[in-house]
Every structure is written in C-alpha cells, then in structure tokens.
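Right, one structure below, let's go through it.
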Amino acid sequence: MVPSTKSSPVKSPLSSPEASTSSARTSPVSNSIASASLEGQSEQLSEQIKPAAVEEESKTSIDSEEDDKPLSSRLRMKPKPQKKTSSLVSGKRPLDEANVSKQSSVKRPKVSESSTSAKNKQVSAKKEAKEEEDDYFITIADRAKKVGSDNKSSVALTKPKKVTKVGSSSIKKTIKKDKKGSNFSKYSKSTKVAPSSNDGQEKWATLVHNGVIFPPPYKPHGVKMLYNGEPANLTPEQEEVATMYALMKDTEYVQKKTFRNNFWNDWQKLLGKRHVIQKLDACDYTPIYDWYQNEKEKKKQLSKEDKKALQEEKLKQEEKYMWAIVDGVKEKVGNFRVEPPGLFRGRGEHPKLGKLKRRIRPSDVTINIGKDAPIPECPIPGESWKEVRHDNMVTWLAFWNDPINQKLFKYVFLSPSSSLKGQSDKEKYEKARMLKDYIGNIRAAYTKDFTSKDGAKRQIAVATYLIDKLALRAGNEKEDDEADTVGCCTLKVENVQAIAPNSLEFNFLGKDSIRYENTVEVEVPVYKAIIQFQAGKRGNDDLFDKLDTSKLNAHLKELMPGLTAKVFRTYNASITLDNILNKETREGDVSEKLVVYQHANKEVAIICNHQRTVSKSHDAQMSKLMEKIGGLQGTLKELKTDLDRVRKGKPPLEDANGKRKRNLTPEALEKKIANTTEKIEKMEADMRTKEDLKTVALGTSKTNYLDPRITVAWCKRHEVPLEKIFNKFLLEKFAWAMDVDFDFRF
DNA sequence: GCAACCACTTAGGACCCGGTAA
DNA sequence: TTACCGGGTCCTAAGTGGTTGC
C-alpha cells in the first residue's frame with residue numbers, strides 16, 4: 001500500500017468525551033412477470049421456492065411458460081436453513097470479561113513460531129504460483145477453441161445450475177499469456193481459505209499484527225485569529241479546534257447553520273464562558289487560513305528528493321502497522337491509521353455536522369489478536385490499550401467508539417485484497433448468482449401477492465417488486481440524530497407520486513443524501529396498491545406502514561436461503577453487466593470493446609443510482625473542447641476546398657495570414673481530411689462521454705456490485721487486457737477471481 | 001416482537017500525483 | 001515550464017443485516 005502523503009494539519013490532545021433524472025432508467029426487470037396465472041397457488045410462505053432450474057433442467061429463462069403453471073406445481077418444500085444456535089461460538093462481542101485479557105496481565109509469547117510458519121506458507125504459496133504460471137503455454141485463442149470444443153459455451157449459457165470451476169486445473173493448463181503479455185493469473189492469489197466464512201464460524205486460527213498508529217500530537221502554530229478585528233489569545237487546545245474550522249473556509253460546510261452551531265457549541269466548551277470570544281460571527285480565522293495555505297505552498301515547493309525523503313520516513317514509521325499475519329499468511333491491513341481529530345463532516349443535512357470529533361487515544365482502542373501472538377506495543381509511551389481480546393469469531397483487528405455517536409464503533413479491518421475479504425466477496429457473488437435460479441418463481445410469487453387480501457403481504461410484495469425492479473436499498477429505520485434519508489421500507493407517502501395510468505414518480509434522498517429521482521412505468525396492480533397504501537395518510541407518513549427490513553428479509557429468506565434485500569442489487573447489477581457485454585461486444589479493436597464495457601458499467605451505475613457531483617471545471621472543459629472542435633471543423637472545410645481546387649488544377653487558397661499554402665497532391669489532402677475528420681469524431685465522442693458521465697460514478701459498482709469474474713472472463717474471451725478495466729486496487733481485491741474460466745457467465 | 005448492539009459492506013469526496021497539452 | 005486533467009488512493013460516513021436480551 002502506498003502510504004498517504006496527506007498531512008493531518010489539525011491534531012489535538014483533547015480529552016473531554018463529548019467536547020468532543022428523472023432519466024429514462026433501464027429497468028432490469030422484464031414486464032412479462034405480471035401476467036402469470038397463479039390460480040391455486042399455495043399460501044404457504046414458509047415454503048422455500050425451489051429454483052426453476054432444479055425443477056426443469058432444460059428451462060433456460062424465467063419466462064411466462066413457467067409462470068403460467070399453478071404455483072403448487074412450482075413450489076416444493078425445501079429444508080429451512082438451520083437456525084444458528086448461540087453456543088460457545090457466538091458471533092457477538094462478549095460483554096463480559098471471559099474473552100478479555102488486560103494488557104498488563106498478558107504475558108508476551110515469542111513470535112518466532114508463528115512467523116516461521118508464516119514464512120514457510122508464503123514460500124509454498126509463491127512456489128505454487130510459479131508452478132501455475134509455468135503452465136501457461138497455449139494462446140487464449142487456442143484455449144478458447146480447445147475449451148469451446150470440450151465444453152460448448154452454449155452449455156454454460158443454458159444450464160443455470162452449472163457450477164463454475166474457478167481455477168480448475170484443466171483450464172489452467174490451457175492458459176497462456178496473451179499476445180500483449182498480460183496474463184490474468186499473475187494477479188491471482190494462491191490462498192488457502194476455509195470453505196466458508198459464514199457467521200458463526202471461526203474466521204481465523206492465528207492472528208498477529210502490530211496494532212494501530214495514532215496521528216502525531218498537535219503542534220501549535222501560534223498564529224492568532226482575530227476577534228472583532230483584534231488578535232485573540234488561544235491555548236493550544238483551543239487553537240487546534242479553531243484551526244480545524246479555519247481550514248474549512250472554502251467548503252460548503254461552513255455555509256450550513258447546523259455546522260456552525262455545532263462547531264460553536266463544542267468550541268465554546270473549550271473556550272470557557274469567560275473567554276473574550278463570545279460569538280462566532282465576530283471571529284475571523286483568515287490569519288490561520290493564510291498561514292496554512294502558506295505551509296501548503298512551502299511543502300509543494302520542496303525538492304523532489306526532500307518530498308521522497310519525507311515519504312520514505314512516513315513509510316518507515318508505518319510499515320509495521322501495514323501488515324498482519326492471518327493463519328500464517330501475510331495480509332495487508334486496511335485502515336491501520338487511527339482517525340485524526342476533526343470536525344464531523346456528515347453528508348446532507350446531518351444534525352451532527354460540525355461537531356468536534358475528539359482525538360482517539362490508546363485507552364479508547366480495543367485490540368483483537370491471536371491468543372499466542374505478542375500483544376502490540378502501545379505506540380504512545382505511558383498509555384495503554386483499553387482492552388485486548390482474542391476473538392476469532394470476528395475479523396476486526398481493533399475498534400474504538402465513534403466519538404460522534406458513542407453507540408457506533410470504528411473498526412480496523414484487513415484490506416479488501418486480503419483472503420478473508422476476498423472469500424466473503426466471492427460468497428456474496430455466489431449468493432447473487434443463486435438468486436438467478438430463484439428469481440422467476442420469486443417474481444411470480446410477489447406478482448401474485450400484489451392483490452393479496454392480507455395488507456402486510458401486499459406491502460411485502462410491492463416492496464420486493466420495487467427492490468427488484470429499481471434496485472432500491474432495503475431502508476432500515478433511522479434515529480433522529482441522523483440525516484433524514486430513506487430506502488424502500490422507509491419511503492414516505494410524499495416520496496412517491498402516482499401518475500396515471502400506471503407510472504410512479506420517485507423522489508427521495510437515499511444513502512449519503514443522494515437524491516433518487518425516477519419515473520417508471522409499473523405493473524397496474526402495483527400502481528393501484530401504491531395508491532391504496534397512500535390513501536388517508538399524510539405526506540410524511542410511512543408508505544409501507546406494515547413493513548420493516550426485518551420482516552421483509554425474513555420473508556425473503558423463506559424464498560431462498562440467505563436471501564436479503566441487498567442481494568437483489570448485486571444480482572441486478574451483475575446480470576446487467578453480463579447481458580450487455582455479451583449482447584453488444586463485437587469483433588474489433590480493444591478501444592471499441594472498452595466502449596462497450598463502459599456503456600455496460602454506466603447502465604449499472606444508473607440502475608444503482610451511483611452519482612457524483614459535477615466537477616467544478618466541467619463547463620470550462622466542455623467549452624474548451626467545443627472551441628477545439630470548431631477550429632478543426634474550419635480546417636476541414638479549408639482542406640475540402642483545397643482538394644476541390646487541386647482536382648480542378650487550381651492552386652490552394654491562401655491561409656489566414658494571406659500566405660500561399662504548400663501545393664499538396666489530392667492523395668495527401670485526402671489523407672489530411674481523413675485524419676482531421678477522425679480527430680473531430682474522437683473529440684465529439686469524448687465530449688459526449690464526458691457529458692454523459694458527468695454525474696455518474698462508475699467506480700462504486702465496479703468495486704462493490706459487479707462480479708469480477710464476468711469482467712475477467714470477458715477480457716479473456718475478447719483479448720482485452722484486464723488492466724484496461726481494473727486498476728491496481730481492483731486487481732488486488734479481485735485476486736480470487738482471476739482464474740475463472742473464459743466462458744464464465746453470471 | 002422489538003430495540004439495542006455489533007460487525008460488516010457500500011459510498012462519495014478530498015487530496016495527491018503523474019502525464020500531457022499549451 | 002506551467003497549467004490542467006484524470007485517475008488513484010485514502011478517508012471515513014452511511015448503509016445493511018445478524019444476534020441478543022428483554
């Protein structure tokens with residue numbers, strides 16, 4: 001991991017605890033699902049719906065033929081998933097001291113044994129990786145032919161229950177570096193992971209790490225801010241918090257009343273009642289702001305060598321915290337840096353905006369580490385950890401209470417590239433793939449319930465439909481001290497407007513206070529049900545008053561083992577990518593294929609409502625491009641005129657400066673025209689893409705929703721270098737997906 | 001049945017840095 | 001040489017969902 005070069009300008013030794021588009025969105029759902037005749041359907045909700053593929057091996061899709069059958073013939077009893085018993089291996093953090101050892105009383109065992117075994121395992125892992133690499137000796141195209149003949153890709157497409165052999169040895173032997181020298185397995189990680197990391201199971205056997213690193217103590221700068229135009233004296237603690245505020249001068253936060261009020265309340269506690277500073281409005285933080293800008297500039301002006309030296313120094317300090325050894329394997333730690341103090345930057349209209357996030361000390365931090373591992377030395381002399389635990393039912397290495405909301409915790413986890421995270425990532429996508437086999441029957445079941453006499457059932461059906469069709473989030477209840485955002489189950493009456501004959505207009509703030517605006521045509525029974533749910537209610541009342549996420553998820557679990565609302569998002573995102581890639585990819589050069597990928601990625605981002613704010617320079621950038629295109633069009637016109645004249649035996653026209661242009665042959669002019677036209681087309685395409693994507697965030701879906709195996713397999717099939725799609729972070733995160741068969745379909 | 005608690009995933013924005021056009 | 005831009009990295013907020021205890 002590249003260490004952050006960001007400086008933490010505001011650090012304080014505080015200790016007081018509380019001083020502390022309506023765009024035409026692509027619907028992933030076919031409209032055919034509403035027509036099913038469901039006469040005779042059993043009302044047994046406790047039955048799990050068996051995947052269609054299991055019932056009818058030859059059936060390839062969730063089509064109406066199946067839906068037309070009586071549900072009794074489509075539903076079969078499936079054993080309920082075993083309820084987890086709370087026994088010795090409870091996944092919960094124990095409240096008592098049974099699993100806790102106080103730092104002082106813990107004897108430090110020698111590290112040698114585990115580290116030796118770690119080394120051995122790493123050596124053997126490396127050896128395996130090398131052996132795998134040596135096996136690649138056939139081109140991708142040959143491999144495609146070979147595997148294609150052995151295992152027709154159409155089979156993969158038509159048999160929904162096909163189990164994909166990730167990294168099967170037969171396939172590996174047919175892989176070779178592609179023509180461009182990019183081979184996928186160089187990114188794959190030969191890790192030995194437990195078959196499942198389900199809850200209620202041990203996450204690791206041995207865990208060694210060095211704890212966390214704290215931000216350096218606050219260094220007072222002594223620059224005086226002004227109060228009523230006069231320099232004001234501040235203690236280092238007061239100055240630290242003033243500096244936090246001063247540095248936010250250019251942000252929108254300071255425009256918000258809540259932010260200013262919360263900051264003032266917390267800062268005033270530090271200032272004390274009798275301080276000369278009595279109101280925020282009379283404060284002028286400019287001297288501190290200017291000082292900081294100056295410091296920043298000085299830093300920028302440092303020589304390359306000095307910058308490098310600083311970076312190396314930081315790396316040296318942090319190196320030991322960057323790694324953990326999990327079951328003998330060295331793994332990256334994610335967020336090993338304790339969050340520095342600062343002013344709370346919540347999203348949207350968060351009621352706690354601007355509150356002081358006090359400094360976290362070792363006495364706030366609980367460490368989780370293997371029983372036999374040495375307890376990390378507390379990096380701040382004279383202080384000690386709050387607690388040391390040895391809980392292998394969880395994956396966190398450390399946690400502390402969130403100073404803004406004491407009920408919440410901040411965890412230190414392994415990096416997304418670790419085997420532990422990779423394993424759970426893979427399980428997530430496997431679950432979403434499983435939904436593919438159930439979705440037909442699930443859709444048929446909720447369609448039937450749109451008109452159920454049972455109001456709760458009707459609400460569950462409509463909510464599930466919205467989650468499926470619009471990829472809405474579940475929508476847990478929120479506390480009063482959080483931003484007022486909603487998901488499906490918490491939609492308010494005012495968030496949905498029925499538009500005759502059968503459209504719904506959604507408008508609400510979702511996660512991160514990102515607005516969801518979408519008008520969508522829905523099944524008529526859904527439309528009618530929504531109107532009915534709204535009847536007699538006020539705008540701020542719950543649309544789904546008989547429903548919450550627990551009830552919804554409990555119901556979903558009856559339909560498929562492990563099914564929850566969020567699985568639909570993963571499923572719809574991944575299946576959309578898979579479908580678009582396979583439908584739209586044509587023979588051509590890599591850049592054309594990348595356009596297809598980006599288009600698919602964009603569709604998914606729109607479905608999931610992944611937005612970003614338009615960059616400040618967007619308009620200027622567009623104007624510049626327009627200008628350039630205009631210039632090129634002028635050139636093109638001139639070239640065409642010249643060609644015309646040359647063909648008629650006349651000399652070319654004079655240029656803009658009145659100078660005679662060089663005589664060119666018609667062929668040379670044609671070539672120039674072609675080049676200029678190509679340039680214009682490329683620029684226009686760039687412009688369209690830029691405008692198209694100005695509010696769309698593509699990264700979130702790539703990182704969290706798109707099964708990487710779809711991408712890897714597609715790259716293999718179409719000889720697209722994976723590095724064109726996955727950056728370093730994603731290549732590492734998805735190491736588990738690299739050995740997928742080239743014919744993998746989601 | 002429900003609230004509280006806990007552990008984990010998902011999310012957008014800030015900031016940095018290197019490549020490239022002017 | 002400088003300015004600009006875009007991608008990468010880091011940060012941490014904000015979700016989801018399981019479990020527990022009353």
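No hydrogens, no waters, no symmetry mates; every other heavy atom, side chains included, goes into these values. Lettering follows sequence order; numbering is per chain, from 1. It should be emphasised that the depicted structure is a prediction, and the values quoted were computed from it without experimental measurement.
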Worksheet item: Using a cut-off of 4.0 Å on non-hydrogen atoms, how would the nucleic acid contact of A/F729 be classed: base, sugar-phosphate, or nothing?
Response: sugar-phosphate

Discussion item. Tell me whether A/K724 at atom NZ has more than 12 heavy atoms from other residues, nucleotides or ligands lying less than 6.0 Å away.
Written reply: no

Please produce a list of atom pairs where a protein N or O lies less than 3.5 Å from an N or O of nucleotides 13-17 of chain C.
unit_1 : atom_1 : unit_2 : atom_2 : d
C/dA13 : OP1    : A/K357 : NZ     : 3.1
C/dA13 : OP2    : A/K410 : NZ     : 2.2
C/dA14 : OP1    : A/R347 : N      : 2.6
C/dA14 : OP2    : A/H350 : NE2    : 3.4
C/dA14 : O4'    : A/D512 : OD1    : 3.3
C/dG15 : OP1    : A/T485 : OG1    : 2.8
C/dG15 : OP1    : A/D512 : N      : 3.1
C/dG15 : OP2    : A/K478 : NZ     : 2.3
C/dT16 : OP1    : A/A474 : N      : 3.3
C/dT16 : OP1    : A/G475 : N      : 2.7
C/dT16 : OP2    : A/N476 : N      : 2.9
C/dT16 : OP2    : A/N476 : ND2    : 3.2
C/dG17 : OP1    : A/T564 : OG1    : 2.8
C/dG17 : OP1    : A/A565 : N      : 3.2
C/dG17 : OP1    : A/K566 : N      : 2.7
C/dG17 : OP2    : A/N553 : ND2    : 3.1

Discussion item. For a 4.5 angstrom cut-off between non-hydrogen side-chain atoms, does A/K407 reach A/E479?
Written reply: yes

Fill in: Nearest listed nucleotide, side chain of A/H610, among B/dA11, B/dT9, C/dC5
B/dA11

Discussion item. How many whole angstroms separate atom NZ of A/K724 from atom C1' of C/dG7?
Written reply: 14 Å

Sub-3.5 Å pairs of nitrogen or oxygen atoms, protein against nucleotides 19-22 of chain B:
unit_1 : atom_1 : unit_2 : atom_2 : d
B/dA22 : OP1    : A/K628 : NZ     : 3.1

Discussion item. Side-chain N or O of A/Q311 versus OP1/OP2 of B/dC16: is the shortest distance under 4.0 Å?
Written reply: no

Response to the item:
Between CG of A/N704 and C1' of B/dG12 the distance, given in whole Å, is 11 Å

Worksheet item: Can you find a pair of side-chain heavy atoms, one from A/L552 and one from A/I467, that are under 4.5 Å apart?
Response: yes

Worksheet entry | Nearest-angstrom distance from the residue atom OH of A/Y253 to P of C/dT12 | 12 Å

Worksheet item: With nearest nucleotides of DNA chain C determined for A/L563 and A/S617 from heavy-atom distances, which residue corresponds to the more 5′ nucleotide?
Response: A/S617

Worksheet item: Should A/R569 and A/Y705 be marked as a side chain to side chain donor-acceptor pair (under 3.5 Å) after you check the CA-CA gap, both sets of side-chain angles, and the distance that decides it?
Response: CA-CA 7 Å; A/R569 263 169 91 78; A/Y705 287 105; 2.9 Å; yes

Worksheet item: Would one find a side-chain N or O of A/S550 under 4.0 angstrom from OP1 or OP2 of B/dG1?
Response: no

Practice prompt. Please state whether the phosphate of B/dA11, meaning OP1 or OP2, lies under 4.0 angstrom from any side-chain nitrogen or oxygen of A/T703.
Written response: no

Discussion item. So A/L408, base contact, sugar-phosphate only, or nothing? Heavy-atom distance under 4.0 Å.
Written reply: nothing

Worksheet item: Please give, in whole Å, the distance from C/dG18 C1' to A/E427 CD?
Response: 15 Å

Worksheet item: Can you check the A/I360 CD1 to C/dC11 C1' distance for me, whole Å?
Response: 15 Å

Worksheet entry | Closest-nucleotide ordering on DNA chain B, the 5'-leading residue of A/K733 and A/D548 | A/D548

Item to complete: Send over the distance from A/N727 CG to B/dG18 C1', rounded to a whole Å.
Response: 15 Å

Worksheet item: Expressed in angstrom and rounded to an integer, what is the separation of A/M393 atom CE from C/dG18 atom C1'?
Response: 13 Å

Discussion item. Please determine whether side chain to side chain donor-acceptor pair (under 3.5 Å) holds for the pair A/D619 and A/Q621, giving the CA-CA distance in whole Å, both sets of side-chain angles, and the decisive distance to 0.1 Å.
Written reply: CA-CA 5 Å; A/D619 287 348; A/Q621 285 175 36; over 6 Å; no

Item to complete: For A/K624, answer base if it contacts any base atom (sugar-phosphate contacts may also be present), sugar-phosphate if it contacts only those atoms, and nothing otherwise; contact means non-hydrogen atoms under 4.0 Å.
Response: sugar-phosphate

Worksheet entry | Flag if over 12 foreign heavy atoms under 6.0 Å of CD, A/E252 | no

Worksheet item: What's the closest nucleotide to the A/N335 side chain, out of C/dT12, B/dG13, B/dT10?
Response: C/dT12

Worksheet entry | Contact under 4.0 Å: A/Y705 side-chain N or O vs B/dA11 OP1/OP2 | yes

Worksheet item: When the ring planes of A/W736 and A/Y429 are compared, do they come out parallel, tilted or perpendicular, using 30° and 60° as the limits?
Response: parallel

Worksheet item: Please give, in whole Å, the distance from B/dC6 C1' to A/R389 CZ?
Response: 10 Å

Discussion item. Parallel, tilted or perpendicular, judged at 30° and 60°: which one describes the rings of A/Y571 and A/F746?
Written reply: tilted

Worksheet entry | A/K410 side, atom NZ; A/N401 side, atom CG - distance, nearest 0.5 Å | 11.0 Å

Fill in: Parallel, tilted or perpendicular: rings of A/F263 and A/Y285 (30°, 60°)
perpendicular

Worksheet entry | A/T613 side-chain proximity, nearest of B/dC8, B/dA11, B/dG13 | B/dG13

Practice prompt. Tell me, please, whether A/F413 has A/K421 positioned over its six-membered ring: NZ or CZ under 6.0 Å from the ring centre and within 45 degrees of its axis?
Written response: yes

Item to complete: Check whether any side-chain nitrogen or oxygen of A/T395 sits under 4.0 Å from OP1 or OP2 of B/dC8, and answer yes or no.
Response: yes

Fill in: N/O (side chain, A/K428) to phosphate O (OP1/OP2, B/dT9) under 4.0 Å
no

